[in-house]
Student: 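Quick one: the structure is below, questions incoming.
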Amino acid sequence: MRLLSNPYRRRWIGWGLLVAAFFLVSLHRSSTAVLSGELMRAFDTTATSLGLLHSSFFYLYAAFQVPAGLLTDRYGARATAATGTAVMSAGAVAFGLASTYSVAFGGRVLVGLGASVLFVAALRFCANWFRPDEFGTMTGATFSVGILGGLAATTPLAVAISRLGWRGSMVGLGVAGLAAAVGILLVSHDSPADAGLEPIDDVPDRPDVTDAATLKRYVSDAVREPETWLLGIMLFFMTGIGITIFGLWGIPYLVQTHGISVTEASVYLLVGNVGGMIGPTAFGWLSDRWGQRTGLIVFSTVVFGLTWAVFAAFGTVPLFLVGAIFLFSRVLRGGVPLAFTVIKERHPEGASGTVIGIVNTMGWIGAAVFPVVLGAALDAYWTGDTVNGTRVYTELGYRVAFAIAAAAGLLAAACAILLHVRTRAERPLETGTDLEQPTD
Ligand SMILES: C[C@H](NC(=O)[C@@H](N)CCCCN)C(=O)O
């Protein structure tokens, strides 16, 4: 019981439940790769209908980031996250029990809708329970849990499917999610005061919820600020390219240019994802210690652009280097999630969810756009070769795709540098505790 009545311990339990739900979001989001064979058999789907089942999640997720932010600021992180987790989990149960493609599709739509609120709600919770100079660390740690969820959608999910079947696994995830929703409702209160607890030292008193008229003003303030667009455009390139290479074209590139198996290729992506888990938390922590946000973002975008420039320049990079580059570049890219910290700190606390949702939308639009752009580049250099009906792309095609990724990194770096210059001019940061803007 003392665990729940001590605000310093309670905040970790509240955050733990929210990120457990966010872990499930990431797992569901990436699950179709492992489920694809089972789904084709169960519903006799074509590649197009399977693709629709997969991509609908991303479109819904992107489209609902702004409503998710508004709901979180208007009704609080607890109510929004508990409802979202319950909807996501009910969708997973419906998906697992579906007897037709339409029911499965409906279930997946619910999963995407419910999932869309959790990242924003988890960060809104952190804004009310953690000090401003802890928020960078919490942003990074929340992001890292997202990567872990993506990892769980690979071998662990495949093992679960082999033991429980795909339907049993989906229903199991749904039941786990429903339990998390109940936990969030009971424990993840909007603020220490909302939970009836003493305030936490140096955590300014926050508004738990914001009225609709004030929120409207916050939205118009945010969209009129150039910094919102700089952060959003940067995330458009970074999230878009990252998801496209690590979620789609990375494996075919390694298989087709190095002649290795899919299983072997997936190890290199796994190594990259381990880096992706370490980087955001480490950079968030450093950022809080050094009182530095935008400089670290610049560093990460430059590393990102250079990484893809190496692949564009050399095409077939030796495998040991591929592993090392994937690992280190993902660690060093860990400054990018600080974009959410920066946007939160530029606006009143009552707008945290809304402004985080606005910039996150642009990141996920990138995730919808870049698979098509890089796919078109590969198709343009395709020479007609196929193996077992699958197109085999040329090394030149991959180099052009990586050159596009490098150019995207360059543009992201330009946004980050501009942001850095503008923010330094308006407000130099001296200490880690001097990061807060006045609250509403
Ligand atoms: C912005 C946030 N993204 C993350 O937290 C990433 N860690 C997820 C990466 C997913 C890759 N499978 C979000 O999910 O909104």
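Indexing begins at 1, ligand by ligand and atom by atom, following the structure's order. Quick caveat: nothing in here was measured; it's all calculated off a predicted structure.
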Student: Considering the options T139, V355, L231, T142, which one meets the side-chain contact (heavy atoms from CB on, under 4.5 Å) requirement together with F340?
Tutor: T139
Student: Would you mind checking which non-hydrogen protein atom is closest to atom 1 (C) of ligand 1, with the distance to 0.1 Å?
Tutor: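 Checked against all protein heavy atoms, atom 1 (C) of ligand 1 sits closest to N360 OD1, 3.3 Å.
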Student: Going by distance only, is there an N or O of Q65 that falls short of 3.5 Å from an N or O of ligand 1?
Tutor: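 Not met; the criterion fails.
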Student: Apply the test ring pair (Phe, Tyr, Trp, His ring centres under 6.0 Å) to residues F326 and Y268: give CA-CA distance (whole Å), side-chain angles for both, the deciding distance (0.1 Å), then the verdict.
Tutor: CA-CA 7 Å; F326 277 10; Y268 293 92; 7.5 Å; no
Student: Could you tell me if R29 sits above the aromatic ring of Y61, with its cationic atom closer than 6.0 Å to the ring centre and no more than 45 degrees from the axis?
Tutor: yes
Student: Please check this pair: side chain of S26 against backbone of G146, looking for a donor-acceptor N/O pair closer than 3.5 Å.
Tutor: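 Indeed, once roles are kept as given, a pair shorter than 3.5 Å links the two residues.
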Student: Kindly identify the option in F23, F22, Y61, W364 whose heavy atom sits closest to atom 5 (O) of ligand 1.
Tutor: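 Selected option, by shortest heavy-atom distance: F22.
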Student: May I ask you to check if R333 and F283 form a cation-pi contact, with NZ or CZ under 6.0 angstrom from the six-membered ring centre and within 45° of the axis?
Tutor: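 No, a cation-pi geometry is absent between R333 and F283.
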Student: Hey, mind stepping through E225 and R422 against salt bridge (Lys or Arg N to Asp or Glu O under 4.0 Å) and telling me if it holds?
Tutor: CA-CA 12 Å; E225 242 207 15; R422 286 179 64 95; over 6 Å; no
Student: Closest non-hydrogen protein atom to atom 3 (N) of ligand 1, residue and atom name please, with distance?
Tutor: F143 CE1, 3.6 Å
Student: Which ligand 1 atoms, with their elements, are less than 4.0 angstrom from a heavy-atom of I147?
Tutor: 7 (N)
Student: Give me the nearest non-hydrogen protein atom to atom 11 (C) of ligand 1 as residue plus atom name, then the distance to 0.1 Å.
Tutor: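 Ranked first by proximity to atom 11 (C) of ligand 1 is I243 CD1, 3.9 Å.
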Student: Would R10 and W12 count as a cation-pi pair here, with the cationic atom under 6.0 angstrom from the ring centre and within 45° of the axis?
Tutor: no
Student: Please report which non-hydrogen protein atom sits nearest to atom 12 (N) of ligand 1, along with the residue it belongs to and the distance in Å to one decimal place.
Tutor: S30 OG, 3.3 Å
Student: Does ligand 1 have an atom that lies less than 4.0 angstrom from a heavy atom of F246?
Tutor: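 F246: no contact with ligand 1 (<4.0 Å).
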Student: With only distance considered, is T142 within less than 3.5 Å of ligand 1 through an N or O on each side?
Tutor: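 So ligand 1 has no N or O lying under 3.5 Å from an N or O of T142.
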Student: For atom 8 (C) of ligand 1, find the nearest protein heavy atom and state the residue, atom name and distance (0.1 Å precision).
Tutor: R29 NH2, 3.3 Å
